[in-house]
Structures are given as C-alpha cells and as structure tokens.
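Structure record follows, encoded as structure tokens.
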Amino acid sequence: MKSYDVIVIGAGPAGYVAAIRAAQLGLTTACIEGYRNKDGEPALGGTCLNVGCIPSKALLDSSDQYHRLLHTLPTHGITAGNVSLDVKAMIARKDQIVRDMTGGIKQLFQANKVDWLQGHGKLLDGKVVEFTPHKGKPEKLQAGSVVIATGSQPIEIDAAPLDGERIVDSSGALEFTSVPKRLGVIGAGVIGLEMGSVWSRLGAEVVLLEAQTTFLAAADNRIAREAQRQFEKQGLEIRLGARVTGTKVTSRGVTVSYEDDKGQQTLTVDKLIVAVGRRPNTENLFAADSNLLLDERGFIHVDDQCQTNIPGVYAIGDVVRGPMLAHKGSEEGIMVAEIIAGKAGHVNYDTIPWVIYTDPEIAWVGRTEQALKAAAVPIKSGTFNFAANGRARAMESAVGMAKVIAHAETDRVLGVHIIGPMASELIAEVVLAMEFGASSEDIARTIHAHPTLSEAVREAALSVHKQAIHKAN
Ligand code: FAD
Ligand code: AMP
C-alpha cells in the first residue's frame, strides 16, 4: 500500500494550505481533491477560489466600478457618456481570475512536491484513506496523519428548490448572464448581502427576505443599525421577520410566499437566490468502522487543536465548528501541519476577523458590545465617524464609523467594529493589536499617517478616553 506522512482530503483554503505547510516541513504529502469547474476541468482551491471569496469579490469590484461611474464620479466633476454594461465580459473577467488563482495553487503544489490526487477521498479504519480517481478503481493509501478539509456546501430548502434557472444558490448567482429586473434573495446573511449588492449595483431591484427579526445579529448592534440604514438608502430592500414558506416558478418569474408578522405575503421576482447558510460536507467521507465522531450539528467533532476523536486524524475549515471563513480554515491548516511535524501549532480563535464586502464594508474582530454586556464585562468604548476623516471625504466615501471597545479597568482591547471604506483592510491593524494584547491607549498613541482612513481607527481609540481630536468628546 502506498503511504504518505500526511494525506489531506479537500483542497480549499483549509486543505491546500495544510498540504503546503506540511510539505514545507518535510512531510511527504498528498492532497485529494475531486472538484471540477464549470468547464469540467479538475481545479484546486475549493469553494473559496472557485465559487466563493474570489469570484464574489471580482464581481463586487466590477459592479462597484460601474456604480461609481454612474453615481459617484459626477460628484468629482467627471461624467461619461454612453456608459454600457457587458455582463458576459464581467463574468468572463471573473472566470479568468478564478482560472489564474486555481492554476496558481496547482503550481504551488508542484513547487512544494504535494501530490494532487484527483478524485474522491474517504477515511477508512486505521488512518487508511480510500482514493477513487475520477476514472479508475479505488486505491488504498496509508497515512501517518489524515487532515479532513472537505468544506461545506449551500443549504437547500424545500420551500425554494433550486432549478438552476430561476432559483439558484450562491454559485448560480455568480453566473447570471444579464441583470435581472427584480431579484429576490432568501437570507440577509453575509453571502445574501454580497450577492444582493452586486446585482443591485448593476441595476436590479433587490428584496432580501430574512427570517430573523434582527439584522446582522452577529455584528455589533450599532454597526448593524448603520449597515441597515446605508443598504436601504442604496435601494436594497430588507424585509426582516420574513420566513419563506414556498415558491412557484412560472414562465414569467418566481412567486415567493413568505410569512411575517402581518401574515402570509408574496413577492414576485425574475430570479431568486437562496442564501440561507451552508452545511458541512461529510457524505460518503468516512466508513462506519472508522468511528469518526460528528457533533450534534453534523460537523466533525474536534478539539481546540482540530484533533478528531481518532488520534492522528484532524479536521479543519468549514467542516468543523467555528466561523465559515477562508482564513479561519487556512490558519487551522497551518496549525495542524505544525502539530503533525512536532511543532507547537496554535490558532487564536479570539482574533479571527470577520468581513462583509458590501459598500460600506463591514469588518470586526473580537466581541460585540452586546455580548460583553451580556457577560457583565465592564467596558468603555469610543467611536469615530468617517464623515470627519479627510481621506474618506477625499474619496467621496465618508460613511460609517469605527468603534473600539476596551475593558473598563485594564483598557485591553476586546473588540473593534468598523463600517466604512476599506474596512476589510483597516481591520488588520487591530487584529494585530489584539494579537499583541494591546490596550486602546496603545492604538491611540501609535502614529498613523495623514490623511488615511486608519486615522479613524486611531480616533476611535482616542475616543475611548474622550481624547479624540477631530470630534467633540
Ligand atoms: P472548501 O473551500 O469548501 O473546500 C473543500 C474542498 O473539498 C472542495 O474543493 C471539495 O471539492 C473538496 N472535497 C469535499 N469532499 C471531498 C472528498 N470526499 N474527496 C475529495 N475532495 C473533497 N470566506 C471568507 O473568508 N471571505 C470571503 O470573502 C468569503 N466569501 C464567500 C463568498 C461566497 C459566495 C461563498 C459561498 C463563500 C465565501 N466565503 C468567504 C467562505 C469560504 O469560501 C469558506 O469558508 C472556505 O472556502 C472554506 O474552506 P474549506 O477549505 O474548509 O472548504
Ligand atoms: P448566513 O448563515 O450568514 O449565510 O445567513 C443565512 C440567513 O438566512 C440567516 O440569517 C437565516 O436566518 C436566513 N434564513 C434561513 N432560512 C430562511 C427562510 N426560510 N426564509 C428567510 N430567511 C431564512
């Protein structure tokens, strides 16, 4: 039986990173990945590179350029005549980025001597992995350690069965060839908001139906309120407390039935995106006698080191507990590779940044004010509006705020929440600060270049002590 020190199942941002790190550390490594892209070609990179983070950001950027051209550039004194939109070219640009990025992972595998086994992986007893190539017979491989990184897939609901035409999931929403006039989105979570934003910026009338009565419940309340206000101002219609109960597809569109506090309602749209969350990929992944334990929600059960109940078998990324974020999975991948190589791997789950790539962007790290108050942690906080930030004004992007929350006695930063321009980039500074156990005074006393958006974060830190310079404290 062929053997490897490490066999990784799945080559998304969790699995491919684990495989590369393991190989860097001198371990013989194979990575089993069975994904085929829409052209039928085998591709590495998982959800993130093929149908997630990267293609969605490509379309968010294209749609942002278009929207700015029509709605922001005139304020700069620039007007363009005959602006036209070529959705097919936009999708083709996105596809090229995906091809380049997934091809890049292939090259990295070659450079690091990671064997890419194209097909399906399944865990058998005793760290034996059954590999079934796309065409060919199953083969048994012996692993010193196994890393399961099989990711997740969109949840489907009976109320809105996908037909690939009128009713699609997030992958389908990246493939529209024209702008729907009326677009419905079930679920106002991260993916629903990002996909809704893309098509709204390109001209669709977008209605989001969200079962929960609180908008963006995971975010800090103040930030979520501001986000809802900004999105509604842009024309995204967000109907909260709206639980979808059924859909009817006709030749002219989709009629969506939902219930809210007023009773049974309907909404008719041209296209409907189902974005109600994702579930872990565990089907046909392990033999019954492997005894792999799942948790009560169907994720593979792991401890803080991503060790499953079977010694030497690890699981990382979307297939285990924790936020379904690419960088969380990648960090777990590095941790397990280092542990397997006998080093001290570690993930600080308290400093995982969250980002929503809407306009304005939303990003946070650490805990929300409501969570800290519920846990009776004494806090003080400071905010600063981008309206008073010179760079944001110069960019015509002066919306939103930065908010820093610190412990009332120790001043240690417990959470930073940003809604505003480039929040996704601004958050990195405070992740680092929290990683180093910074106080809000540390951020406040750090020199930030002028004029930059990052000054808003510093001013929010100053504001914790009522010392902000560019606002009345
Ligand atoms: P995946 O990326 O899902 O990869 C798992 C891989 O395993 C897949 O390629 C699959 O084919 C393979 N596989 C499964 N079972 C087997 C098997 N038995 N044998 C062989 N191979 C198998 N996250 C962010 O951090 N930032 C973002 O901006 C962001 N945007 C997103 C936008 C969208 C539209 C979507 C859908 C997701 C987005 N995410 C984002 C989430 C992110 O994509 C996931 O958190 C991330 O891809 C999870 O990585 P993973 O490696 O655990 O799993
Ligand atoms: P996320 O988990 O961030 O991807 O968000 C998915 C969202 O979809 C959650 O906020 C859910 O409340 C919402 N959701 C799930 N099922 C339904 C449904 N049937 N109707 C409306 N919203 C739903």
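Atoms within each ligand, like the ligands themselves, are counted from 1 in listed order.
- In this structure, the side chain of N37 engages the main chain of D39 through a donor-acceptor pair within 3.5 Å.
- Residue-ligand proximity: K57 is placed with a non-hydrogen atom under 4.0 Å from ligand 1.
- The protein atom (non-hydrogen) at minimum distance from atom 14 (N) of ligand 2 is V276 CG1, 3.8 Å.
- Here the shortest heavy-atom distance to atom 17 (C) of ligand 1, taken over N284, L59, I9, belongs to I9.
- Counting heavy atoms closer than 4.0 Å to ligand 2, residue A242 contributes backbone atoms (N, CA, C, O) but none from C-beta onward.
- Among G12, P13, G317, G329, the residue whose heavy atom sits closest to atom 49 (O) of ligand 1 is P13.
- Here R243 does not pair with D260 in a salt bridge; the nearest charged N to carboxylate O distance is not below 4.0 Å.
- Those atoms of ligand 1 that come under 4.0 Å of a heavy atom in Y357, given as number and element, are 28 (O).
- Protein heavy atom at the shortest distance from atom 8 (O) of ligand 2 is G187 CA, 3.2 Å.
- The shortest contact between atom 20 (N) of ligand 2 and any protein heavy atom is with V244 N, 3.0 Å.
- Judged purely by atom type and a 3.5 angstrom limit, R321 uses its side chain to pair as donor or acceptor with the backbone of D303.
- Taking a 4.0 Å cut-off on heavy atoms, V51 registers as neighbouring ligand 1.
- If you check the side chains of T150 and N281, you find no donor sitting under 3.5 Å from an acceptor.
- Counting heavy atoms under 4.0 Å from ligand 2, residue L209 touches it through the backbone alone.
- Judged by distance alone, the side chain of E361 and the main-chain N or O of P421 form no donor-acceptor pair under 3.5 Å.
- Between E41 and R99 there is no salt bridge, since none of the side-chain N atoms of the basic residue sits less than 4.0 Å from a carboxylate O of the acidic one.
- Proximity to G189 (heavy-atom distance under 4.0 Å) selects the following atoms of ligand 2: 3 (O), 5 (O).
- At a heavy-atom cutoff of 4.0 Å, ligand 2 is contacted by the backbone of A275 but not by its side chain.
- Side-chain contact check for Q230 and Q234: no donor-acceptor pair (N or O, by modelled atom type) lies under 3.5 Å.
- When only non-hydrogen protein atoms are considered, atom 2 (O) of ligand 2 lies nearest to G277 CA, 3.9 Å.
- Among all non-hydrogen protein atoms, the one lying nearest atom 22 (N) of ligand 2 is A211 N, 3.1 Å.
- One side chain, Q24 or R21, offers a donor N or O that lies under 3.5 Å from an acceptor on the other.
- For atom 7 (C) of ligand 2, the nearest protein heavy atom (residue, atom name, distance) is E210 OE1, 3.5 Å.
- Close contacts between ligand 2 and Q212 involve ligand atoms 10 (O), 12 (O) [criterion: under 4.0 Å to a heavy atom].
- One finds no salt bridge joining D359 and R201 here, because no Lys/Arg side-chain nitrogen approaches an Asp/Glu carboxylate oxygen to under 4.0 Å.
- Taking all heavy atoms of C53, G192, C48, G45 into account, the minimum distance to atom 38 (C) of ligand 1 is reached by C53.
- Close contacts of ligand 2 with R243, meaning ligand atoms under 4.0 Å from a residue heavy atom, involve 19 (N), 20 (N).
- The distance from ligand 2 to the heavy atoms of V190 drops below 4.0 Å at these ligand atoms: 3 (O).
- When D318, T132, L44, L285 are ranked by how near their heavy atoms come to atom 44 (C) of ligand 1, first place goes to D318.
- Formation of a donor-acceptor pair under 3.5 Å by the K113 side chain with backbone atoms of T28 is not found in this model.
- A donor-acceptor contact under 3.5 angstrom links the side chains of E435 and T351, judged on distance only.
- Looking at I167 and V254, their side chains come closer than 4.5 Å, going by heavy atoms from C-beta outward.
- Distances from atom 11 (O) of ligand 1 to the heavy atoms of Q118, E33, E283 put E33 nearest.
- Between V129 and K122 the shortest side-chain heavy-atom distance does not fall below 4.5 Å.
- Within ligand 2, the atoms closer than 4.0 Å to a non-hydrogen atom of I186 are 18 (C), 20 (N), 21 (C), 22 (N), numbered from 1 in the order shown.
- Nearest to atom 16 (C) of ligand 1 among the protein's heavy atoms is T150 CG2, 3.6 Å.
- At least one heavy atom of G52 sits closer than 4.0 Å to an atom of ligand 1.
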Discussion item. I'd like to know whether V128 forms a side-chain contact (heavy atoms from CB on, under 4.5 Å) with V146, so could you lay out the CA-CA distance, the side-chain angles of the two residues, the decisive distance to 0.1 Å, and finally the verdict.
Written reply: CA-CA 9 Å; V128 173; V146 178; over 6 Å; no
